[in-house]
Amino acid sequence: MTNLYLHKILIIILMITVTPTIGQTFIQIPVTLSGNTIELTLQHGSKSIIPGIETQTIGYNGAFLGPTILLQQGQQVTFNVHNQLGDTTTTHWHGLHVAPTNDGSPHNPILAGETWSPSFTIMDKAATYWYHPHLHGKTLDQVVKGASGFIIVRDPEEAALNLPRTYAVDDVPLVFQWKTFDANNQIVENDEADNTVLVNGSLNGLLELPAQIVRLRLLNGSSHRYFDFGFSDNHLFKQIASDGGLLDAPVSMTRLILGPGERAEILVDLSGLQGNMVKLRQFGTQLPSGYPGGSMMMGGMMGPKDNTDFDLMTIQVTAQTVNAVTTFPTTLTTNVAWPQTGAMTRNFGLSAQPMMSMTNFFINGLKFDMETVNFTTEQGKTEIWNITNQTMMAHPFHVHGNSFYVLSVNGSTPPSNLRGRKDVVTIPPMNGSVKIIMRFEDFSDTEMPYMYHCHILSHEDTGMMGQFVVGPSSTGTVAPIAQNHLSVFPTLLTTGMDNIRITAESGWEVQKIEVYDQVGRMLLSALNITEIGSDKLVSGVNFIKVFTTKGTAVFTVIKTN
Ligand code: C2O
Ligand code: CU
Ligand code: CU
């Protein structure tokens, strides 16, 4: 072998270590926007994601995904969201504590060609939030094609900690998204077959990070599947924040499960690893049974990468930066959930119809209806929500408008990384249950509801969603929604009682009544009645949906015999 030949090999080896391997691209870090006025334009585009044909996409201010919006707690912000999609859309600030009119829910549509300009004060704690369209029935279509971006909120408490916070250097947002690509490299609006995972829009991408403690802001921005994250070398990492704020202290772990919509900030110590490569991996084989992306129960719908372990991205460790963070903080904040005394408990049942179905889901026996407010509460009230899952799969349950604390998972104290502020929580399958607590502190609106839903987008789009109104505290005026103008009696039907009577104030005349059982089976549908015979109801929980001339409301009736 000649010297020249050796030299060539060396050059080739060197090139391999400094450039991505074939098909590997550098992971892009989104540009940032900040200030009091933020311009966002939803638009179509195309992007080369898989070698070959370009993929038709949707993005904010670009072809795919969107800029990271940096906000300071206490600041005023006005968004001008321009809709150039040629179709109706909305933009929801997922996790932000805002009034219903600013929320970007299905009730805040932006028509094609129009601009929506909500304006509000940032009241949230430092954490990682996100934004995405939320038009009922179209959320999956628009989000899966690329419409979503990060929101990073900063506050003085977080700023006082010795944490990495140089954006794109040691503080990096990473959105992980399962997607289905067809043979022509196009994204298919079918989240049940996910065959690909993108990180910030890159397939099997490469990210350079310095040899020090780095902060990764992980978002599961998928429409359907879960991640069970870990490193190829089983590197220990520390979770410092959940959806809506810092944890009390860093939590050490080697695996982290995130469902669709969930975020976690983690610290990873890469000190001493300069020149090395570390892979961030999906450990699908370690997901609990029934979590989409892991093994499904009873042969549920399987995608080609379900229940497998594979690399998500490669970290190439580069030289340490000046002012590197090299020690972990020991404490972060103090999370205190609201007191449970005096809180009312509300029950939510997640069900499938038929019981084994993996596609047809209900909350409290009902499908979402834009015109139906499922319940009302009051500003200042604390509520405990007890959510049970009677289906074969896990569902990530999300509430708009307020962060909550998790009180229990399957009856036990939640693990420490679920003891911070959350807005999405997994309800485990097969009668799993989760209790959460929240207080409706700052906003009331008698007209416009907040949503709660499963964050699996096909489930949400097909009606696994409900809505509630936060009215003024009872000293205020009566809310003009159907619930407050109707009464249903009795709501507890014991032996010997034979009917249920519905009474309405004048102007709220009852037009139609529907009765559903817990799994969404319709038991009765009748026009112009105000009495329901007890024989029409099933033992246990029944939902009475009352349609009036001015609006629709839902009541729960329990039959004990
Ligand atoms: Cu991230 Cu109601 O949504
Ligand atoms: Cu949300
Ligand atoms: Cu679901």
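Atom set for the values below is all heavy atoms of this structure, side chains included, hydrogens, waters and symmetry mates excluded. One-based numbering, in listed order, for ligands and for the atoms of each.
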task: Check whether any N, O or S atom of His92, backbone or side chain, sits closer than 2.8 Å to atom 2 (Cu) of ligand 1.
output: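 Not a single backbone or side-chain N, O or S atom of His92 is under 2.8 Å from atom 2 (Cu) of ligand 1.
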- prompt: Are any N, O or S atoms from His94 nearer to atom 2 (Cu) of ligand 1 than 2.8 Å?
  reply: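 No, outside the cut-off.
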Taking the ring of [Y] and the ring of [X], is the distance between their centroids below 6.0 Å?
| X | Y | result |
| --- | --- | --- |
| Phe468 | Phe440 | yes |
| Phe79 | Trp93 | yes |
| His398 | His94 | yes |
| Tyr226 | Tyr291 | yes |

task: Output the atom name for the N/O/S atom of His395 with the smallest distance to the Cu ion (ligand 3).
output: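 Among the N, O or S atoms of His395, the one closest to the Cu ion (ligand 3) is ND1.
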field: Ion pair Glu158/Lys125, N-O distance below 4.0 Å
entry: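 Result for this pair is no, no salt bridge flagged.
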Matching residue for His395 among Phe348, Tyr452, Phe361 - test: ring-ring contact (aromatic ring centres under 6.0 Å, His included):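 That would be Phe361; it is the only one of Phe348, Tyr452, Phe361 passing the ring-ring contact (aromatic ring centres under 6.0 Å, His included) with His395.
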- request: For the atoms ND1 of His459 and SG of Cys454, give the angle they form at the Cu ion (ligand 3), rounded to 10 degrees.
  value: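 Approximately 120° at the metal, rounded to tens of degrees.
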task: Hey, can you tell me if His455 and His132 have their rings parallel, tilted or perpendicular (30° and 60° cut-offs)?
output: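 His455 and His132: perpendicular rings.
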- request: Give the total of protein N/O/S atoms at a distance below 2.8 Å from the Cu ion (ligand 2).
  value: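 With waters ignored, the protein N/O/S count below 2.8 Å is 2.
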message: Would Glu114 and His82 count as a side chain to side chain donor-acceptor pair (under 3.5 Å) here? Give the steps.
response: CA-CA 6 Å; Glu114 301 208 328; His82 311 285; over 6 Å; no
message: Can you check the angle at atom 2 (Cu) of ligand 1 formed by NE2 of His453 and NE2 of His134? Round it to the nearest 10°.
response: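 An angle of 100° at the metal.
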